[in-house]
Participant: 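Structure in structure tokens, see below.
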Amino acid sequence: IKKREKIAMYYDSELCKEPFSKFLDTIKIPSDFKSSRHLYIIKLAPNLRAKKAEIFSKLQQNGIGVQVHYKPTYEFSFYREKYGTISIASAKNFYESELSLPCHQLMSIDEAKFVLSTLKSILDEISKF
């Protein structure tokens, strides 16, 4: 947990700065809570949500183990069959904007720096269009 916390704290300190702050937001962990930092989630700005798949793909092409989590449950066939077609705006918005950056105990700060420098390059490139 200490190693993941170190990586997450590095991400926190960098992602609140420009240019990241205009591209994305992070989930803030209250100081009186202890998190295992199982995931490090970023939420893309609304104007970049349509580019999520492209950002994801470019990160993977650069060797970064980015992930996507928490597809809205109502989209799974079990729930569609049970409740019909529904949509919950907050769940949909979260899923459309969420990417999980690597944050694990075997990672170094240098690797986290690589993740953020690569992410910055991709966001800079994509936001020009």
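What you see below is based on every heavy atom in this structure, not just the backbone, and it leaves out hydrogens, waters and symmetry mates.
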Participant: Would Leu59 end up clustered with Tyr11 when hydrophobic side chains under 4.5 Å apart are linked, directly or stepwise?
Facilitator: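 Yes, same cluster.
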Participant: Starting from Tyr95, can I reach Leu48 by hopping between I/L/V/M/F/W/Y residues whose side chains sit under 4.5 Å apart?
Facilitator: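 Yes; Tyr95 is reachable from Leu48 via cluster members.
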Participant: Are any non-hydrogen side-chain atoms of Phe20 and Leu116 less than 4.5 angstrom apart?
Facilitator: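 Yes - at least one pair of side-chain heavy atoms lies under 4.5 Å apart.
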Participant: Ser100 pairs by side-chain hydrogen bond (donor to acceptor under 3.5 Å, both in side chains) with which of His69, His38, Gln67?
Facilitator: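 One option only clears the test, and that one is His69.
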Participant: Would you check if Ile122 and Asn62 make a side-chain contact, meaning some heavy-atom pair closer than 4.5 Å?
Facilitator: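 Counting from C-beta outward, Ile122 and Asn62 do come under 4.5 Å.
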Participant: With rounding to the nearest 0.5 angstrom, report the CG to CD1 distance, Leu101 to Ile7.
Facilitator: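 It comes to 11.5 Å.
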Participant: Roughly how far, to the nearest 0.5 Å, is SG of Cys103 from CZ of Arg37?
Facilitator: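 The SG atom of Cys103 is 7.0 Å from CZ of Arg37, to the nearest 0.5 Å.
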Participant: Distance check, rounded to the nearest 0.5 Å: Lys113 atom NZ versus Glu14 atom CD?
Facilitator: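 Going from NZ on Lys113 over to CD on Glu14, the span is 8.5 Å.
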Participant: Side chains of Lys52 and Val68: closer than 4.5 Å at any heavy-atom pair?
Facilitator: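 In short, these two side chains touch, coming nearer than 4.5 Å.
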Participant: Roughly how far, to the nearest 0.5 Å, is CZ of Arg4 from OG of Ser35?
Facilitator: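 Rounded to the nearest 0.5 Å, the OG-CZ separation comes out at 8.5 Å.
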Participant: First locate atom OH of Tyr10, then atom OH of Tyr40, and finally report the distance between them rounded to the nearest 0.5 Å.
Facilitator: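 Reported value, rounded in 0.5 Å steps: 11.0 Å.
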Participant: Taking atom NZ of Lys71 as the centre, report whether more than 12 heavy atoms of other residues, nucleotides or ligands fall under 6.0 Å from it.
Facilitator: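 Check passes, neighbour count above 12.
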Participant: Should Phe23 and Leu44 count as side-chain neighbours, where that means a heavy-atom distance under 4.5 Å?
Facilitator: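 Side chain of Phe23 against side chain of Leu44, heavy atoms only: no contact under 4.5 Å found.
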Participant: Lys58 vs Glu125, test: salt bridge (Lys or Arg N to Asp or Glu O under 4.0 Å). Steps then yes/no.
Facilitator: CA-CA 11 Å; Lys58 287 179 181 285; Glu125 175 189 332; 3.1 Å; yes
Participant: Check whether more than 12 heavy atoms from other residues, nucleotides or ligands sit under 6.0 Å from atom NZ of Lys28, and answer yes or no.
Facilitator: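 More than 12 within 6.0 Å, yes.
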Participant: Should Arg49 and Asn93 count as side-chain neighbours, where that means a heavy-atom distance under 4.5 Å?
Facilitator: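 With C-beta onward as the side chain, the pair touches.
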Participant: Quick check: closest heavy atoms across Cys16 and Ser21, and the distance to 0.1 Å?
Facilitator: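 That closest heavy-atom pairing would be O-CB, 3.5 Å.
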Participant: With a 4.5 Å heavy-atom cut-off, do Ile42 and Asp25 have their side chains touching?
Facilitator: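 No; the side chains remain at least 4.5 Å from each other.
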Participant: Find out if a path of hydrophobic residues (ILVMFWY) with successive side-chain heavy-atom gaps under 4.5 Å connects Phe114 to Ile109.
Facilitator: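 Linked within one cluster.
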Participant: Would a 4.5 Å heavy-atom cut-off, applied to side chains only, mark Phe56 and Ile64 as touching?
Facilitator: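 Side chain of Phe56 against side chain of Ile64, heavy atoms only: no contact under 4.5 Å found.
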Participant: Check whether any side-chain heavy atom of Tyr79 lies under 4.5 Å from a side-chain heavy atom of Ile86, and answer yes or no.
Facilitator: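 Heavy-atom side-chain distance check fails, nothing below 4.5 Å.
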Participant: How long is the gap from OG1 on Thr118 to NZ on Lys120, to the nearest 0.5 Å?
Facilitator: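 If we round to the nearest 0.5 Å, Thr118:OG1 and Lys120:NZ are 11.5 Å apart.
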